[in-house]
Protein chains: 2
Amino acid sequence: MDDYEAQLRASVFKALADPNRLRLLSIVRSSEGGEACVCDLTEPLNLGQPTVSHHLKILVDAGLLHREKRGTWAYYSMVPGAIERTTGLLESL
Amino acid sequence: MDDYEAQLRASVFKALADPNRLRLLSIVRSSEGGEACVCDLTEPLNLGQPTVSHHLKILVDAGLLHREKRGTWAYYSMVPGAIERTTGLLESL
DNA sequence: CACCTATATCGATGATTGTCAATGTATGTG
DNA sequence: CACATACATTGACAATCATCGATATAGGTG
């Protein structure tokens, strides 16, 4: 594996390397409709809204979460196949 | 997922969240005999020996690598089932 | 014992990161 | 328009981390 490929894969695991981000993914995935807005996520994590938005951005940038704005709300949902794609990064090490 | 479980899982992904550590796993896994010593690993990564030892320790602490000392050398190999266990951490999010 | 080699540990340093308070932006409502 | 709400962005700070040079440890060899 060359350095470029290693950095690419590491960037995904970096997004997963925080307990609060793992909890965000878990909550989004188990939410009804498979989506949740920021206001639903601040309270269970006991974090401020800017911090939650920051974590969500990292997960979106990593290709794990999808962001869709409807009205005033921003709804986050899992990117289809993201988990499988990530496990593939491990299995093909 | 509670905070404790999230921290436990995040600690594994933290070990994977570095390109050089991913390359270490890749090299160890593809080495003949499934093991490699530190001296085989410093050159392909272009890192100093203390830095490589440091990364290896992190991978051992995460339960991904196994360390076996034979003579002056320390041989590192994948922990059997470690990859599968880690992908399980993702699939059960 | 003295010496060399392989590896681990320590201390320091620059870079990255998680968090918060404050502020900005955009959408909806009266 | 004025105001409230939901969210994003900015700036700052403390904590963590990756890396290196120096040093310690431990095993092998003469």
Side-chain angles (χ1 to χ4, degrees), chain A residues 1 3-4 6-28 31 33 35-62 64-77, chain B residues 1 3-4 6-28 31 33 35-62 64-77:
Chain A
M1 182 169 43
D3 188 64
Y4 177 72
Q7 291 202 21
L8 229 59
R9 300 193 188 197
S11 69
V12 179
F13 293 119
K14 243 179 260 209
L16 294 168
D18 180 274
N20 287 319
R21 287 199 287 271
L22 291 180
R23 297 186 71 188
L24 281 175
L25 291 179
S26 174
I27 294 173
V28 166
S31 293
E35 60 179 17
C37 60
V38 182
C39 57
D40 293 332
L41 298 168
T42 58
E43 189 228 346
L45 265 69
N46 204 25
L47 286 179
Q49 172 264 319
T51 303
V52 173
S53 278
H54 170 243
H55 285 311
L56 289 169
K57 176 169 170 43
I58 289 175
L59 291 169
V60 169
D61 290 346
L64 296 167
L65 282 188
H66 171 247
R67 176 181 184 272
E68 183 187 353
K69 185 150 195 192
R70 291 204 301 273
T72 317
W73 291 269
Y75 291 91
Y76 290 86
S77 56
Chain B
M1 183 168 43
D3 187 65
Y4 176 72
Q7 291 202 20
L8 231 58
R9 299 193 188 197
S11 69
V12 178
F13 293 119
K14 240 177 261 203
L16 295 167
D18 180 274
N20 287 318
R21 286 199 288 271
L22 290 180
R23 298 187 70 188
L24 282 174
L25 291 179
S26 174
I27 295 173
V28 166
S31 292
E35 61 180 15
C37 61
V38 182
C39 56
D40 294 332
L41 298 168
T42 57
E43 190 227 346
L45 265 67
N46 205 25
L47 286 179
Q49 172 266 318
T51 304
V52 173
S53 278
H54 171 242
H55 284 312
L56 289 169
K57 175 169 171 43
I58 289 175
L59 291 169
V60 169
D61 290 347
L64 296 168
L65 282 187
H66 171 247
R67 176 180 184 272
E68 184 188 352
K69 185 147 195 195
R70 291 202 302 273
T72 316
W73 291 270
Y75 292 91
Y76 289 87
S77 56

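Computed from a predicted model, the values in this text were never measured in an experiment. In what follows, chains are A, B, ... by sequence order, proteins preceding strands, each numbered from 1.
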Length of the [atom1]-[atom2] vector between [X] and [N], whole Å:
X	N	atom1	atom2	result
A:Asp3	D:dT19	CG	P	10 Å
A:Glu68	D:dC7	CD	C1'	15 Å
B:Leu59	C:dA8	CG	P	12 Å
A:Arg70	D:dT5	CZ	C1'	17 Å
B:Trp73	C:dT5	CH2	P	11 Å
A:Gln7	D:dA18	CD	C1'	13 Å
B:Leu41	C:dA8	CG	P	10 Å
B:Lys57	C:dC10	NZ	P	10 Å

Does the A:Ser26 side chain pair with the main chain of A:Leu22, one donor and one acceptor, at a distance under 3.5 Å?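 Pair absent, no side-chain N/O of A:Ser26 close to backbone of A:Leu22.
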Q | A:Leu65 side chain reached by A:Leu24 side chain, heavy atoms, under 4.5 Å | A | no
* State, with a plain yes or no, whether a side-chain heavy atom of A:Arg67 is found less than 4.5 Å away from one of A:Leu56. => no
CG (A:Leu16) and CG (A:Leu25) are apart, to the nearest 0.5 Å, by 6.5 Å
Inter-residue atom distance B:Ile27.CD1 - B:Leu45.CG, 0.5 Å rounding =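 Reported to 0.5 Å precision, the distance equals 5.0 Å.
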Can you tell me if the side-chain N/O atoms of A:Arg67 get under 4.0 Å from OP1 or OP2 in D:dA8? yes
Any A:Tyr76 side-chain N or O less than 4.0 Å from OP1/OP2 of D:dA8: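 So the side-chain polar atoms of A:Tyr76 do come within 4.0 Å of the phosphate oxygens OP1 or OP2 of D:dA8, strictly under.
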Per-nt protein contacts along nucleotides 18-27 of chain C (heavy atom under 4.0 Å; B base, S backbone sugar-phosphate only, - none) come out as SBBBB----B
For residues 10-23 of chain A, the side chain to side chain donor-acceptor pair (under 3.5 Å) pairs (sequence neighbours left out) are A:Arg21-A:His55
